[in-house]
J.: 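Structure provided below as structure tokens; questions to follow.
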Amino acid sequence: MTRGFGIVGTGVIAAIHADAIALLSNTGLSNTGLSNTGLSNTGRPDARLVAVTDVDAGAAAAFAAAHGCAAEPDLGALLARRDVEVVCVCVPSGLHAAIGVQAAKAGKHLVVEKPIDVSLDAADRLIGAARAAGIALTVISQHRFDPGLVELKRLLDDGALGRLVLGEASTKWYRTQGYYDSAAWRGTYAMDGGSLMNQGVHYVDLLRWCMGPPVEVTAVCSTQAHQIEVEDTALAIVRFASGAVATILSSTAAFPGFPQRLEITGTQGTVTVEDGRIAVRALAADARPVATSEPGRSAAADPAAVDVAGHAAQLADLLDAADTGREPAVTGQDGRDALAIILAVYESSRTGRPVRLGGR
């Protein structure tokens with residue numbers, strides 16, 4: 001069965017969603033390069049991009065022409081289309097819940113770009129609307145489907161690293177002032193958030209996914225190299241319910257931009273992932289440390305340089321969840337959990353004190 005997609009918002013990330021949908025169209029996972037993402041058993045998803053909409057009608061028309069779909073004049077018109085079954089929310093972050101709630105009420109399954117929104121109240125409204133409507137909701141965390149993360153999670157679930165001791169999530173990227181000046185919403189608290197909310201959120205989610213619920217955050221944030229109201233650099237220490245600790249670093253002031261890095265250390269070994277691929281695997285059970293591969297494609301200096309395979313894998317997972325009635329691999333609650341850590345980082349930096357978290 002072919003699922004029709006609609007995209008709301010036609011900015012930079014919308015093109016990645018369109019390419020991911022095209023990657024799923026009339027193909028099997030074995031033919032899309034997704035077989036290493038852990039989704040090879042979800043069958044043969046089939047999808048097509050039906051329509052897009054944007055507050056800038058000209059941008060929507062140009063995007064539609066480039067991707068072979070319709071351009072609708074507004075959100076209501078897109079949601080009214082019966083051939084749109086799944087909506088990708090690609091608007092500024094502070095509008096994610098507002099758009100998503102309307103789409104859920106229209107009975108559309110939802111793919112919401114990261115972060116889920118910029119406040120927990122907004123996240124809760126979106127999660128509640130999806131639950132009430134009985135639709136599938138996933139928040140983009142495409143790196144969970146990267147080959148290196150799939151393997152790292154398997155090793156953790158198998159206990160290969162022993163008891164967790166230490167983690168490190170690093171996003172040292174570079175964005176010019178022109179990037180922030182390109183749209184009025186960029187670099188604002190209300191619509192965007194800073195480097196941690198926008199760029200670092202990916203590896204915040206991965207850190208929590210691998211290390212479990214956090215209980216305390218201590219952080220410092222600063223604006224080092226840009227004229228924006230939010231931070232371009234964030235540093236945090238996180239304590240987890242397990243007793244393990246970790247650091248989070250996120251910056252858009254690190255010229256020229258470096259691979260994103262996740263390192264997990266346990267009593268029996270360490271695994272380092274760079275841009276979705278395992279760079280180092282050093283386990284007590286192994287004869288010697290193994291450097292397995294080069295980093296994958298990186299958005300370290302270019303926001304558009306995103307490997308589409310992760311998005312395609314997550315969209316495929318959502319379609320399977322919608323068909324089978326299970327929860328998506330990345331849920332709305334997962335998106336809320338990552339947001340809670342980020343907001344705790346901001347609060348700790350603002351107050352100069354540690355911030356306690358629920359540790360759920």
Side-chain angles (χ1 to χ4, degrees), residues 36-39 141-172 196 200-219 234-251 258-296 298 310 313 329-331 333-342 344-345 348 354-360:
N36 290 330
T37 64
L39 290 176
S141 187
Q142 77 273 19
H143 296 303
R144 288 200 192 190
F145 301 88
D146 291 345
L149 269 300
V150 172
E151 175 63 10
L152 171 56
K153 192 62 166 65
R154 184 191 68 78
L155 290 170
L156 289 168
D157 290 345
D158 289 348
L161 273 69
R163 177 176 56 82
L164 295 185
V165 174
L166 178 66
E168 178 184 334
S170 175
T171 300
K172 295 170 65 176
L196 187 61
V201 60
H202 291 295
Y203 274 54
V204 171
D205 174 71
L206 296 177
L207 185 70
R208 192 195 188 284
W209 189 46
C210 290
M211 298 195 70
V215 295
E216 186 180 89
V217 172
T218 305
L235 292 165
I237 299 170
V238 184
R239 293 186 181 275
F240 292 88
S242 67
V245 294
T247 61
I248 296 172
L249 186 159
S250 180
S251 180
F258 300 89
Q260 282 186 302
R261 185 171 183 270
L262 179 71
E263 186 169 281
I264 306 295
T265 295
T267 54
Q268 297 297 310
T270 294
V271 173
T272 304
V273 176
E274 291 187 352
D275 281 339
R277 301 179 187 276
I278 292 179
V280 174
R281 166 181 158 151
L283 303 179
D286 293 341
R288 62 175 61 90
V290 179
T292 59
S293 62
E294 294 296 319
S298 173
V330 187
T331 65
Q333 184 63 49
D334 291 330
R336 187 192 192 280
D337 290 341
L339 176 63
I341 296 173
I342 292 166
V345 169
S348 176
V355 173
R356 296 287 297 179
L357 291 164
R360 182 188 60 79

J.: Check whether any side-chain heavy atom of Phe145 lies under 4.5 Å from a side-chain heavy atom of Val330, and answer yes or no.
T.: yes

J.: Check each of Ile264, Thr247, Ile341 against Leu207 using the side-chain contact (heavy atoms from CB on, under 4.5 Å) test, and report the only one that passes.
T.: Ile264

J.: Considering all heavy atoms of both residues, which atom of Ala344 and which atom of Val355 are nearest to each other, and what is their separation?
T.: O-CG2, 3.7 Å

J.: For a quick test of reading the model, state the closest non-hydrogen atom pair linking Pro354 to Thr218 and the distance between them.
T.: CB-OG1, 3.6 Å

J.: State whether the number of non-hydrogen atoms from other residues, nucleotides or ligands found under 6.0 Å of Ile237 atom CD1 is greater than 12.
T.: no

J.: Under 4.5 Å between any side-chain heavy atoms of Leu155 and Arg281, yes or no?
T.: yes

J.: Heavy-atom distance under 4.5 Å between the side chains of Leu262 and Leu152, does that happen here?
T.: yes

J.: Please name the pair of heavy atoms, one in Gln268 and one in Ala160, separated by the smallest distance, quoted to 0.1 Å.
T.: CB-O, 3.6 Å

J.: Any side-chain heavy atom of Val204 within less than 4.5 Å of one from Val345?
T.: no

J.: Go through it in stages, so that I can follow the logic: the residues are Asp334 and Arg144, the test is side-chain contact (heavy atoms from CB on, under 4.5 Å), and I'd like the CA-CA distance, side-chain angles, deciding distance and then a yes or no.
T.: CA-CA 12 Å; Asp334 291 330; Arg144 288 200 192 190; 3.5 Å; yes

J.: Decide if atom CZ of Arg239 counts as having more than 12 heavy atoms of other residues, nucleotides or ligands within a radius under 6.0 Å.
T.: no

J.: To the nearest 0.5 angstrom, please state how far the CD atom of Glu274 sits from the CZ atom of Phe258.
T.: 11.5 Å

J.: In the structure I gave you, are the side-chain heavy atoms of Leu161 and Thr265 within less than 4.5 Å of one another anywhere?
T.: no

J.: What's the spacing between Leu196 CG and Leu249 CG if we round to 0.5 Å?
T.: 9.5 Å

J.: If every non-hydrogen atom of Asp205 is compared with every non-hydrogen atom of Ser141, which pair is closest and at what distance?
T.: OD2-OG, 2.6 Å

J.: Kindly give the heavy-atom pair with the smallest separation between Ala219 and Ser348, and that separation in Å.
T.: N-OG, 2.9 Å

J.: Between Thr270 (side chain) and Ala282 (backbone), is there a donor-acceptor pair under 3.5 Å?
T.: no

J.: Can you name the closest pair of heavy atoms from Gln142 and Gly310 and give their distance?
T.: CB-C, 3.4 Å

J.: More than 12 heavy atoms of other residues, nucleotides or ligands under 6.0 Å from CZ of Arg154: yes or no?
T.: yes

J.: Using distance alone, with no hydrogens and no angle criterion, decide if Glu263 and Thr272 have a side-chain donor and acceptor under 3.5 Å apart.
T.: yes

J.: Rounded to the nearest 0.5 Å, how far apart are CG of Asp337 and CZ of Arg208?
T.: 4.0 Å

J.: Can you tell me which residue among Leu156, Leu149, Ile278 is in a side-chain contact (heavy atoms from CB on, under 4.5 Å) with Val271?
T.: Ile278

